[in-house]
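What follows is a set of notes on a single structure, which appears directly below.
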Amino acid sequence: MSIQRYIAANSPRFLDELVDLLKIPSVSADPAYGEEVVKAAEYVKEKLIASGVDTAEICETAGFPIVYGEKIVDPAAPTILVYGHYDVQPADPLELWESPPFEPVIKKTELHPEGAIFARGSADDKGQFYMHVKAFEAMLAEGLLHCNVKFMIEGEEEVGSENLDHFVQQNQEKLKADVVLISDTSMISLEHPSVTVGLRGLAYMQVEVTGPNKDLHSGTFGGSVANPINVLCKLIASLHDEDNRITIPGFYDQVQEYDAEYRKQLNKAPFDLDEFKRKLDVEETYGEKGYSTIERVGIRPTLDVNGIWGGYIGEGAKTVLPSKAFAKISMRLVPDQDHKNIARLFEEHFLKIAPPAVKVKVVPHHGGQAAVVPTDSIGYKAAEAAIQEAFGKKAIPTREGGSIPITALFQKVLGLDPILLGFGLDTDAIHSPNEHYGVANYLKGIETIALFFKHFHQLSREA
């Protein structure tokens, strides 16, 4: 196949270009990196042009820009809209990285004997969206591009995609397509290729607990005024019961309960619990009583503390009773749970359970709806056919615990069901130190994406 030959001949350059992109610290959550985020957008535009798009532009928003590019080969041909994001998570804690997060290195691992690229954003999502740019280049160069393609690569996915919502609403004609293709998810393994058919939603909050109007001496005042850290820990602990169910009133009102047969089918996905525990170095898994690990991640909501701080955390001892304590808390949601309603329920409950000895402030951050993708569409069938041809195996449909807020927006505003064709692994350490992405996954992803275009064109003609 000429696509395979083209990838093999150009793979060193494909890797070099990705490495250059990964060197740009495009951290959208930290204003200190604002110029770098814009620099990444400019790099993406440059590479789209070099790969052969008809037009490419940087679309300004109230936040970071969106890179848009398109190639129209035939107005009558089907159109594929490719979505991805060039922004990345903060790299903290830096001391846990084996190599600097924005100085990419390729090294072999047990899971990646052919090598993996270690850098922030390698798997989430620079390495994955860049596969689409290179697949497009390969198809165009080999005369195999028979679908129109539109690229929409944003810079705010890691902070909620708030401005992309407005962009999509205002550019529905510009974004008109037959399917949305996204690679920002994972697969079970290269031996067990899968397609994600469900993503959880998200509600992200920050809470602040204030006691006295200043830090106090813990000997002089300890026991006479509330310690905000102690209170915050009690409040957080009360958010789960003894079965690890979330105690916020109304939280489960819209949660769908699946029958035994559906749960049985869900648990047929290849999963080695002992290997899962070994990789994470934990003695036991932990979560809501009555559900398997696969179910807890795929079809059940969660509430987790993502960060907690307050008081003195420097070297040595300081006997202080702090004035304030803070926590960042995220809730992963399932279909029918509205993230704005859940945020409201959380705030009402947290304020209600706080003792009068402290003042509590709750600040909602970003959120998004859960999404479920049908498996009887032309897009899904094209993904199945592409995986069958590339891997020689049938794709396994899976539900993933992460969130991509834009997926529900595509369904609602554009009327398109996204195809979540990801090639990462759950061991890629996304959002964590030492994030990495397998070289084989990267190159196989490029090939499979090209095959998706091929099969989507064929199936669309037959429909």
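For the single chain, residues carry numbers from 1 onward in sequence order.
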Any side-chain heavy atom of [X] sitting closer than 4.5 Å to one from [Y]?
{"X": "H349", "Y": "T247", "result": "yes"}
{"X": "F326", "Y": "I308", "result": "no"}
{"X": "Q172", "Y": "L414", "result": "yes"}
{"X": "V179", "Y": "L81", "result": "no"}
{"X": "V320", "Y": "L216", "result": "no"}
{"X": "I419", "Y": "F452", "result": "yes"}
{"X": "T185", "Y": "I404", "result": "yes"}
{"X": "V195", "Y": "P397", "result": "no"}

Open item on the list: Check the orientation of Y83 and H85. Use parallel for under 30°, tilted for 30 to 60°, and perpendicular for over 60°.
Closed with: tilted

Task: Parallel, tilted or perpendicular: ring planes of H436 versus F118, cut at 30 and 60 degrees - done: parallel

Which atoms form the tightest heavy-atom contact between [X] and [Y], and what is the distance?
{"X": "A135", "Y": "I446", "answer": "CB-O, 3.5 Å"}
{"X": "P405", "Y": "E157", "answer": "CD-OE2, 3.9 Å"}
{"X": "I236", "Y": "A327", "answer": "CD1-CB, 4.0 Å"}
{"X": "G219", "Y": "H217", "answer": "N-ND1, 2.8 Å"}
{"X": "S323", "Y": "P212", "answer": "OG-O, 2.7 Å"}
{"X": "S51", "Y": "K134", "answer": "OG-NZ, 3.5 Å"}

Is a salt bridge present between [X] and [Y], judged by a nitrogen-to-oxygen distance below 4.0 Å?
{"X": "E348", "Y": "K352", "value": "no"}
{"X": "K126", "Y": "E17", "value": "no"}
{"X": "R296", "Y": "E288", "value": "no"}
{"X": "R263", "Y": "E295", "value": "yes"}
{"X": "K39", "Y": "E42", "value": "no"}

Donor-acceptor pairs are to be reported for all side-chain atoms of residues 101-108 against protein atoms at under 3.5 Å, with residues two or more places apart or in another chain.
from	atom 1	to	atom 2	distance (Å)
K107	NZ	E98	OE1	3.0

Open item on the list: With side-chain contact (heavy atoms from CB on, under 4.5 Å) as the criterion, how do M331 and I342 come out once you've worked through the C-alpha distance, each side chain's angles and the decisive distance to 0.1 Å?
Closed with: CA-CA 8 Å; M331 291 160 282; I342 293 298; 3.8 Å; yes

[Y] versus [X], side-chain donor and acceptor atoms under 3.5 Å:
{"X": "Q254", "Y": "D338", "value": "no"}
{"X": "S26", "Y": "E36", "value": "no"}
{"X": "Q411", "Y": "D417", "value": "yes"}
{"X": "H132", "Y": "S183", "value": "yes"}

- [ ] Kindly indicate, with the supporting measurements, whether the criterion side-chain contact (heavy atoms from CB on, under 4.5 Å) is fulfilled by Q169 and V413.
- [x] CA-CA 7 Å; Q169 297 277 2; V413 178; 3.4 Å; yes

Give a yes or no on whether the backbone of [Y] and the side-chain of [X] come within a donor-acceptor separation of less than 3.5 Å.
{"X": "T196", "Y": "T398", "answer": "no"}
{"X": "N441", "Y": "F423", "answer": "yes"}
{"X": "D272", "Y": "D274", "answer": "yes"}
{"X": "S403", "Y": "G201", "answer": "yes"}
{"X": "R332", "Y": "L303", "answer": "no"}
{"X": "D87", "Y": "E158", "answer": "yes"}
{"X": "D428", "Y": "G424", "answer": "no"}
{"X": "W97", "Y": "A91", "answer": "yes"}
{"X": "S161", "Y": "L164", "answer": "no"}
{"X": "N434", "Y": "L96", "answer": "yes"}

Open item on the list: For E70 and V53: C-alpha separation, side-chain torsions, deciding distance, then whether side-chain contact (heavy atoms from CB on, under 4.5 Å) applies.
Closed with: CA-CA 5 Å; E70 66 177 31; V53 296; over 6 Å; no

TODO: Please determine which of Y130, Y68, F136 meets the ring pair (Phe, Tyr, Trp, His ring centres under 6.0 Å) test together with F151.
DONE: F136

Please say whether more than 12 non-hydrogen atoms of neighbouring residues, nucleotides or ligands are located less than 6.0 Å from [atom1] in [X].
{"X": "K328", "atom1": "NZ", "result": "yes"}
{"X": "F346", "atom1": "CZ", "result": "yes"}
{"X": "K340", "atom1": "NZ", "result": "no"}
{"X": "E162", "atom1": "CD", "result": "no"}
{"X": "I313", "atom1": "CD1", "result": "no"}
{"X": "E35", "atom1": "CD", "result": "no"}
{"X": "E257", "atom1": "CD", "result": "yes"}
{"X": "E315", "atom1": "CD", "result": "no"}

Task: D253: side chain to side chain contact (heavy atoms under 4.5 Å, CB included) partners, not counting sequence neighbours - done: none

- [ ] Given side-chain contact (heavy atoms from CB on, under 4.5 Å), test D215 with Y312 step by step and report yes or no.
- [x] CA-CA 10 Å; D215 288 359; Y312 181 70; over 6 Å; no

Task: Ring-face cation contact, Y291 with R300, 6.0 Å cut, 45° max - done: yes

TODO: Run the numbers on Y286 and E284 for side chain to side chain donor-acceptor pair (under 3.5 Å), then give the verdict.
DONE: CA-CA 6 Å; Y286 190 81; E284 290 296 338; over 6 Å; no

Open item on the list: Pair E156, N163 - check side chain to side chain donor-acceptor pair (under 3.5 Å), show working.
Closed with: CA-CA 8 Å; E156 296 184 324; N163 290 297; 2.9 Å; yes

Open item on the list: Determine whether the aromatic ring centres of residues Y86 and F129 are separated by less than 6.0 angstrom.
Closed with: no

- [ ] State which residue, out of K359, K324, K361, fulfils the side chain to side chain donor-acceptor pair (under 3.5 Å) condition with T210.
- [x] K324

Task: Trace of the side chain to side chain donor-acceptor pair (under 3.5 Å) decision for N306 with S330 - done: CA-CA 7 Å; N306 304 121; S330 65; 2.8 Å; yes

